[in-house]
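Report on one structure; see the data block that follows.
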Amino acid sequence: MEIWDRTQEAVSAVLGLGAFAVNDLAALGITNQRETTVVWNRRTGRPYANAIVWQDTRTDAIAANLDRDGRGNVIRQRAGLPPATYFSAGKIQWLLENIAELRADAEAGEAIYGTTDSWLIWNLTGGVDGGRHVTDVTNASRTMLMDLETLDWDDELLSFFGIPRQMLPAIMPSATGDGFGRTSTGNLFDRELPITGVLGDQHAAMVGQVCLASGEAKNTYGTGNFLLLNTGDKLVRSANGLLTTICYQFTDRKPVYALEGSIAVTGSAVQWLRDQLKIIQSAAEIEALAAQVDDAGGAYFVPAFSGLFAPYWRADARGAIVGLSRFHTDAHLARATLEAICYQTRDVVEAMEKDSGVHLDVLKVDGGVTANSLCMQLQADILGVEVSKPVVAETTALGAAYAAGLAVGFWSDADELRQHWQEQHRWVPTRSDADREAGYRRWQKAVQRTLDWVTVN
C-alpha cells in the first residue's frame with residue numbers, strides 16, 4: 001500500500017504550498033515507472049505481495065526458457081520485445097507460481113494486475129467501490145502481452161505465461177477524454193476530476209520534450225538511460241537489439257511508434273560509488289571528482305550489475321572495471337563511471353541508426369544526470385552529436401500534463417506544445433573523430449569482458 005500512501009502525502013504537500021487550488025485543475029495526468037508489477041485483490045484492495053520492480057532478476061529462468069522453444073520469436077514479432085526479466089509478463093507468472101491461492105483468485109476474476117498507473121487509477125476512481133481497472137497503450141506495450149498492431153492483449157502470448165486474461169486492465173489511448181474515469185469525491189481532492197492522460201515515464205518524456213515528429217529523439221538519464229526515437233506511424237522491427245514500442249496514442253488517432261534503447265544501470269552506477277564504495281558523499285560530488293583528471297587513464301567501467309539491456313540483452317553479463325593500473329585513483333573511476341553512461345548511450349544510438357537509417361543531428365536530454373555538465377560534454381564528445389537540455393528538465397511530469405491537457409482541449413495541438421519548449425543549454429562535441437572512435441573500440445572490448453560471467457538456468 002506504500003505507493004498509494006505516498007501519493008496521498010505528495011498531493012497533500014503540493015496543495016499545501018498554496019501555489020494552486022483544486023478548482024484550478026482541468027484534468028489529471030499520470031506517469032509512472034513502467035514494467036513494475038502489482039497484483040491486488042479487487043474486493044479488499046490489498047496487494048498479494050510487494051511490487052516487483054523493473055530491475056528485479058528473479059524471472060531470469062522464465063525469460064531464458066522462452067527462447068529455448070521458439071516462443072521468444074513470437075514475442076518479438078507481436079510485442080516488439082525480446083524475452084527479458086525487464087518486462088511485466090514474467091513477473092506476473094512468477095507471482096502466480098509462488099503466491100498461495102493467487103492463481104485461483106486470478107481465474108475467478110478476484111486478483112487483478114497492473115503497472116503502477118493502473119494501481120493509482122483504480123484507487124483514485126473508487127477502489128473497492130468500483131475503481132476503474134485500466135491502463136494506456138504505452139504501459140501495455142511493456143508487458144510482452146500486447147500485440148503492437150491490434151493494441152489488444154494477445155491470447156497466445158498470455159498462454160505462454162499462463163496468465164488469465166481477466167487479470168488484465170482495459171487498454172486505452174494515452175490521452176482520452178473519458179476513458180480513465182474520474183476521481184471519487186473526497187479521494188485526495190474535494191471534487192471529481194477527470195483523469196485524461198496516462199503515459200509510461202519514458203513515453204511521457206518524449207511528449208514533454210515535444211519529440212512528436214518522426215525522426216526526433218530524446219534520452220532520459222535516471223536510474224538507467226532510456227533513448228527513444230519517434231518512428232511515426234511506421235512500426236519498425238529492430239534487427240539490432242532495440243525495442244519496438246508505442247510512443248503514444250492521442251484520443252482516437254492512430255498510434256505513434258518508437259524504437260527504444262533501454263539501459264539498466266547509469267545513474268545507479270553513481271549511486272553505487274556513493275553507497276557501496278563511498279568515494280563520494282552525494283551524487284552531485286561526482287562531477288568535481290571526475291574533473292580532477294583529464295581522462296579515465298585507460299580504465300573502463302561496464303556496470304552490468306543485473307546483466308546488459310539494449311542492445312546486447314545478455315542476462316549472463318556482470319559488472320567489470322578493466323584497464324586498471326597502479327596510478328588509477330578514485331577520480332579516474334568517477335570519470336570512467338560518467339563515460340560508461342555515455343558509451344552505453346552510444347551503443348544504443350549505433351543500433352538505432354542501423355534500424356531506422358536516421359542519423360541524429362541533436363540529442364535532446366532530460367533527467368537528473370543532465371545537471372552534470374561534465375557528463376553531458378562527455379556525451380556530446382562520445383556521440384559526436386550536439387546535446388540539448390530544455391529549461392524544464394522534469395519532462396516526464398510535463399509530458400503527462402501535456403497529454404491530459406490535449407484531451408480536454410486545454411492545448412489545441414502539438415504545434416502549441418512546441419511553442420513552450422525552450423533550450424537551457426547545448427553541448428557541442430570537442431573530441432576529434434580519431435579519438436572518439438578509438439575510445440569506443442576500447443569500450444566495446446571492455447563490454448566483451450563482462451559476458452558469460454554467470455549461468456542463466
Side-chain angles (χ1 to χ4, degrees), residues 26-36 79-81 88 114-122 124-125 132-143 145-153 168-182 193-214 216 218 220 226 228-235 243-260 366 394-414 416-418 420:
L28 296 181
I30 292 175
T31 184
N32 59 289
Q33 188 182 79
R34 307 166 300 172
E35 295 94 16
T36 292
L81 309 174
S88 304
T115 38
T116 310
D117 60 305
S118 294
W119 167 248
L120 291 175
I121 293 168
W122 187 82
L124 284 169
T125 57
R132 295 272 291 157
H133 187 210
V134 293
T135 190
D136 93 298
V137 288
T138 66
N139 282 291
S141 73
R142 315 296 297 191
T143 58
L145 300 173
M146 190 190 82
D147 187 311
L148 288 174
E149 295 186 22
T150 67
L151 306 185
D152 195 8
W153 306 118
L168 305 180
I171 302 172
M172 311 299 301
S174 310
T176 177
D178 56 8
F180 298 111
R182 303 176 71 86
L193 285 169
I195 304 170
T196 59
V198 176
L199 290 153
D201 51 5
Q202 304 311 319
H203 315 264
M206 282 289 277
V207 177
Q209 287 273 37
V210 290
C211 292
L212 304 177
S214 181
E216 293 182 324
K218 68 86 198 175
T220 298
F226 303 90
L228 273 73
L229 172 72
N230 185 322
T231 62
D233 60 4
K234 186 178 180 181
L235 198 164
L243 312 178
T244 304
T245 192
I246 302 294
C247 192
Y248 57 84
Q249 183 188 22
F250 291 157
T251 59
D252 57 354
R253 301 173 192 171
K254 292 181 179 180
V256 173
Y257 294 96
L259 283 171
E260 176 176 339
D366 55 76
E394 294 301 330
T395 56
T396 300
L398 184 61
Y402 280 165
L406 284 170
V408 295
F410 189 85
W411 290 289
S412 59
D413 54 30
E416 186 176 355
L417 299 184
R418 288 190 179 92
H420 291 281

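The figures that follow rest on heavy atoms only: side chains count, while hydrogens, waters and symmetry mates do not. Just so it is clear, the model here is predicted, and its values are computed rather than measured. Residues take their numbers from the sequence shown, with the count starting at 1.
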Stepwise side chain to side chain contact (heavy atoms under 4.5 Å, CB included) check, Phe180 with Arg132: CA-CA 7 Å; Phe180 298 111; Arg132 295 272 291 157; over 6 Å; no

query: Can you check whether Pro169's main-chain N or O pairs, donor with acceptor, with Trp153's side chain at less than 3.5 Å?
result: yes

Inset, instruction - State whether the side chain of Thr395 and the backbone N or O of Leu398 hold a donor-acceptor pair below 3.5 Å, judged by distance alone. - result: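 No; zero donor-acceptor contacts below 3.5 Å.
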
Contacts satisfying side chain to side chain donor-acceptor pair (under 3.5 Å) that involve residues 197-212 (not counting sequence neighbours) are Arg34-Asp201, Arg34-His203, Gln202-Lys218, Gln202-Thr220, Gln209-Asp366, Gln209-Trp421

Open item on the list: Using the side-chain contact (heavy atoms from CB on, under 4.5 Å) definition, which of the options Thr36, Thr31, Thr116, Asp117 pairs with Asn139?
Closed with: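 When Thr36, Thr31, Thr116, Asp117 are each tested with Asn139, the side-chain contact (heavy atoms from CB on, under 4.5 Å) holds only for Asp117.
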
Q) Hey, which of Thr138, Thr135, Asp136, Val198 is the one that makes side-chain contact (heavy atoms from CB on, under 4.5 Å) with Thr115? A)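 Exactly one pass, corresponding to Thr135.
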
Might you point out which heavy atoms bring [X] and [Y] nearest each other, and give the distance in Å?
X: Ser174; Y: Val137; value: OG-CG2, 3.7 Å
X: Ala204; Y: Ala400; value: CB-N, 4.1 Å
X: Pro194; Y: Ala26; value: CG-O, 3.5 Å
X: Cys211; Y: Asn230; value: O-ND2, 3.1 Å
X: Ala27; Y: Val408; value: CB-CG1, 4.0 Å
X: Tyr257; Y: Glu149; value: OH-CA, 4.2 Å

[X] side chain near [Y] side chain, heavy-atom distance below 4.5 Å:
X: Pro255; Y: Phe250; value: no
X: Thr231; Y: Val256; value: no
X: Met146; Y: Ile171; value: yes
X: Leu145; Y: Ser88; value: no
X: Ile195; Y: Ile30; value: yes
X: Leu259; Y: Leu228; value: no
X: Thr244; Y: Leu148; value: yes
X: Thr245; Y: Arg142; value: yes

Is it the case that over 12 heavy atoms from other parts of the model lie below 6.0 angstrom from the [atom1] atom of [X]?
X: Asp233; atom1: CG; answer: no
X: Glu394; atom1: CD; answer: no
X: Arg253; atom1: CZ; answer: no

Inset, instruction - Could you give me the CA-CA distance, side-chain angles and deciding distance for Leu199 and Tyr248, then say whether side chain to side chain contact (heavy atoms under 4.5 Å, CB included) is met? - result: CA-CA 7 Å; Leu199 290 153; Tyr248 57 84; 3.9 Å; yes

Evaluate side-chain hydrogen bond (donor to acceptor under 3.5 Å, both in side chains) for Thr176 paired with Thr251, printing each intermediate quantity in order. CA-CA 5 Å; Thr176 177; Thr251 59; over 6 Å; no

Interatomic spacing from [atom1] in [X] to [atom2] in [Y] - rounded to 0.5 Å:
X: Glu35; Y: Leu81; atom1: CD; atom2: CG; result: 8.5 Å
X: Asp147; Y: Ser141; atom1: CG; atom2: OG; result: 11.5 Å
X: Ile121; Y: Met172; atom1: CD1; atom2: CE; result: 9.5 Å

task = Mind telling me whether His420 and Tyr402 have parallel, tilted or perpendicular rings, with 30° and 60° as the class edges?
result = tilted

| field | CA sep, side-chain torsions, deciding dist, call: Leu406, Thr196, side chain to side chain contact (heavy atoms under 4.5 Å, CB included) | value | CA-CA 9 Å; Leu406 284 170; Thr196 59; over 6 Å; no

Requested in this report: Using the test side-chain hydrogen bond (donor to acceptor under 3.5 Å, both in side chains), find all partners of Glu216 that sit at least two apart in sequence or belong to another chain.
Outcome: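 Testing Glu216 for side-chain hydrogen bond (donor to acceptor under 3.5 Å, both in side chains), a comparison that skips the adjacent residues, returns none.
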
